[in-house]
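Please read the structure below before turning to the comments.
In what follows, chains are A, B, ... by sequence order, proteins preceding strands, each numbered from 1. Computed from a prediction, not measured in an experiment: that's the story for all the values here.
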There are 2 protein chains.
Amino acid sequence: MADDQGRRAHTGRRRNEEAARAILRAARELLERGDGAGVSVDAIAAAAGVGKQTIYRWWPSKSDLLLDALVEGARGLAPAPDEGDLGSDLAAFLTATFRGARDPAVAAALRQVAAEAQRDPRAAGLLRSFTEDRRRVLRGLLERAAARGELSPAADLDLLVDQAYGVLWYRLLIGHAPLTEAAAAALAAALARQATASP
Amino acid sequence: MADDQGRRAHTGRRRNEEAARAILRAARELLERGDGAGVSVDAIAAAAGVGKQTIYRWWPSKSDLLLDALVEGARGLAPAPDEGDLGSDLAAFLTATFRGARDPAVAAALRQVAAEAQRDPRAAGLLRSFTEDRRRVLRGLLERAAARGELSPAADLDLLVDQAYGVLWYRLLIGHAPLTEAAAAALAAALARQATASP
DNA sequence: TTTTGTCGGAACTAATCGTCTCGACAATCG
DNA sequence: CGATTGTCGAGACGATTAGTTCCGACAAAA
């Protein structure tokens with residue numbers, strides 16, 4: 001567990017990783033229990049039995065903390081399948097992605113970070129790199145299908161990625177429809193039909 | 001300009017509609033000038049030369065005011081074309097919609113209302129009815145094409161609407177790509193291909 | 001002229017993020 | 001061992017903001 005110790009001389013008390021873990025755990029629990037309302041840093045500190053200063057010693061801002069809680073909650077959902085067929089790969093990936101975003105803590109963190117990104121350029125940058133990572137995974141899946149000759153030459157990979165994640169974010173932030181597995185499967189089928197259709 | 005006067009007995013000073021117009025105008029100007037940061041009610045009141053009380057006499061919350069400024073800014077973009085061809089109707093509608101959302105004041109209002117909707121259920125409801133209206137317009141366009149037999153029986157109209165507005169909101173809120181006319185045209189072509197492709 | 005409700009202006013409450021201070025404590029160095 | 005250094009929990013503090021309330025002035029109707 002102690003792998004990133006600095007190599008320079010270091011005197012004084014060491015940071016307590018247990019405190020950081022307690023903070024992350026409290027953040028996830030509050031995000032999960034939060035009834036649509038935002039989670040405050042004070043509430044996280046109180047729930048973790050920790051001073052606010054300790055939070056800001058580990059994370060530079062609330063958005064960083066929420067994004068960390070997010071990444072931890074979404075762990076294992078990253079890899080894109082590669083079974084050699086666009087339709088099934090896309091269905092598997094979107095189903096897993098929708099399922100991850102349906103987790104209450106993950107959904108709340110995504111929504112709160114997205115909300116803060118509209119005001120705070122720092123949060124906007126964080127969210128942007130997070131989404132870029134996810135885009136790259138899906139784009140890789142599509143590129144493999146294109147290399148196999150499964151896609152129409154008219155297919156626009158970036159637009160396909162926008163359509164997939166667009167539906168996810170749109171439903172997540174507006175809330176007019178749920179992120180069900182059926183919706184993921186239908187979206188995968190629709191995108192595969194579009195990508196393979198001749199212009 | 002005085003068309004919605006109450007019919008009941010009314011004593012006392014009348015509300016000054018000029019003040020309401022000044023407030024809306026100030027809100028739009030601040031949204032346009034705002035550098036990504038949010039617009040505060042105090043700033044709007046000061047810019048309009050108006051007391052905050054006057055703002056809250058006309059609008060129950062900041063979100064209502066922003067949504068009003070939004071609707072006023074997006075006026076005239078509502079109607080869906082009906083030229084009898086799915087491809088050109090979709091391209092015209094999405095181009096006009098993207099152009100409307102590219103207006104700085106409209107974009108800022110959309111982003112700020114969306115951000116507040118993640119915390120405030122009242123703002124969420126407002127945003128939901130706004131988006132429902134827009135969804136209905138696009139859905140009507142698709143239904144007319146379906147009635148003309150232009151769509152594959154496998155086409156899912158609501159999913160198509162989700163994809164169109166999904167790309168719009170995703171780009172608007174994440175900011176990884178602009179809402180250009182070229183993007184609108186490409187999206188329209190892609191959705192038309194998807195909707196007409198046989199399963 | 002009196003009553004009634006809006007006007008601009010400003011003080012006020014409450015929530016929130018992030019900074020700073022405090023005494024206590026732990027780890028390292030001399 | 002003892003001094004130094006940096007983290008700990010706890011909380012005060014400044015800044016910002018949404019929304020409420022009070023104030024004296026004013027306008028429109030009774």
For Ser63(A) and Glu116(A), test the side chains for any donor-to-acceptor distance below 3.5 angstrom and give the result as yes or no.
yes
Under a 3.5 Å cutoff, is there a donor and acceptor pairing between the side chains of Arg111(A) and Gln118(B)?
yes
Is the shortest side-chain N to carboxylate O distance from Glu29(A) to Arg25(A) below 4.0 Å?
no
Side-chain ion pair, Arg122(A) and Asp64(A), N-O less than 4.0 Å
yes
Base, sugar-phosphate, or nothing: which does Trp59(A) touch, judged by heavy atoms less than 4.0 Å apart?
nothing
May I have all residue pairs that pass ring-ring contact (aromatic ring centres under 6.0 Å, His included) and include part of residues 29-53 of chain A, sequence neighbours excluded?
none
Counting primed atoms, P, OP1 and OP2 as sugar-phosphate and everything else as base, the B/S/- map of nucleotides 12-19 of chain D against protein heavy atoms under 4.0 Å is B----SSB
Phosphate OP1/OP2 of [N] contacted by [X] side-chain N/O (<4.0 Å):
X        : N       : answer
Arg57(B) : dC7(C)  : yes
Thr54(A) : dT7(D)  : no
Arg13(B) : dC7(C)  : no
Arg14(B) : dA29(D) : yes

From Leu94(B) CG over to Leu141(B) CG, what is the distance, rounded to the nearest 0.5 angstrom?
8.5 Å
Decide yes or no, distance alone: a donor-acceptor N/O pair under 3.5 angstrom between the base of dT6(C) and the side-chain of Gln53(B).
no
Once you round it to whole Å, what is the distance between [atom2] of [N] and [atom1] of [X]?
X        : N       : atom1 : atom2 : result
Asn16(B) : dG9(C)  : CG    : P     : 13 Å
Ile23(A) : dT7(D)  : CD1   : P     : 13 Å
Leu65(A) : dC17(C) : CG    : P     : 11 Å
Ile55(A) : dT19(C) : CD1   : P     : 13 Å
Arg15(B) : dA29(D) : CZ    : P     : 16 Å

For the pair Tyr165(A) and Phe93(A), name the ring-plane relationship: parallel under 30°, tilted 30 to 60°, perpendicular over 60°.
perpendicular
